[in-house]
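What follows is one structure encoded as structure tokens, with my remarks underneath.
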Amino acid sequence: GAVVSQHPSWVICKSGTSVKIECRSLDFQATTMFWYRQFPKQSLMLMATSNEGSKATYEQGVEKDKFLINHASLTLSTLTVTSAHPEDSSFYICSASATGQGFYEQYFGPGTRLTVT
Amino acid sequence: AQRVTQPEKLLSVFKGAPVELKCNYSYSGSPELFWYVQYSRQRLQLLLRHISRESIKGFTADLNKGETSFHLKKPFAQEEDSAMYYCALSGPAYNTDKLIFGTGTRLQVFP
């Protein structure tokens, strides 16, 4: 089956520093990857759609200069949280889109827990 | 506005009891509806989608366009069904298959 990995699985950083999270599709090529944010006991909120070789499309209210997304290859997208603050602490989840059985399906990574101190 | 509503945060049943997790949506057009499941300490995974009309792990869901609902049902709950369930939609209005998620319902099945 299609597998998506994320690295790191958890990270603690100091306020004001930047953190990079990687999302990889391990056994398939994904032209589109998605980044979500999940607060405790809440739903997934789509942050941005990442297309290989082009600029990411951000959802309303998501600061593109703060959450930098790069989709340099068909198997890798990165999310960089710049100048992190404690309110950026959250669970970040990526997904990669692939076609299976004729339907598009999103395969989700395990998530990255970011804690900003 | 496109929206998915799951009115119940928590649903608790005993093993063998029927289960219905409610999902209502707001969408101008013909959406595609999904149910995703997240078991404890595992990643989110697709349970079923309305277009495939499958029954997965005994769960079914029927799209009711008149009531704009996509409730998830299982006649006899099992303990291993305990998980977080998310209803989601995407639609042809989007250029990509981006998903809008509901707030989720935690299903607890007691022995």
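Lettering follows sequence order; numbering is per chain, from 1. Basis for what follows: all heavy atoms, side chains included, without hydrogens, waters or symmetry-related copies.
A salt bridge does not link D81(B) with K57(B): every distance from a Lys NZ or Arg NE/NH1/NH2 to an Asp or Glu carboxylate oxygen is 4.0 Å or more. Salt bridge present: R24(A) and E22(A) bring a charged side-chain N and a carboxylate O closer than 4.0 Å. Using a 4.0 Å cut-off between a side-chain N of Lys or Arg and a carboxylate O of Asp or Glu, D88(A) and K66(A) qualify as a salt bridge.
Using a 4.5 Å cut-off between heavy atoms, L46(A) touches chain B through its side chain atoms alone. With a threshold of 4.5 angstrom between heavy atoms, Q38(B) approaches chain A through side-chain atoms but not through N, CA, C or O. Contacts between F101(B) and chain A at a heavy-atom distance below 4.5 Å involve backbone atoms as well as side-chain atoms. At a 4.5 Å heavy-atom cutoff, the contact between Q38(A) and chain B is made by side-chain atoms alone. Heavy atoms closer than 4.5 Å to chain B are found in the backbone of Q42(A), but not in its side chain.
Seen from the ring of F59(B), K74(B) counts as a face-on cation partner, given the 6.0 Å and 45° thresholds.
The aromatic rings of F110(B) and F14(B) sit tilted, their planes meeting at an angle between 30° and 60°.
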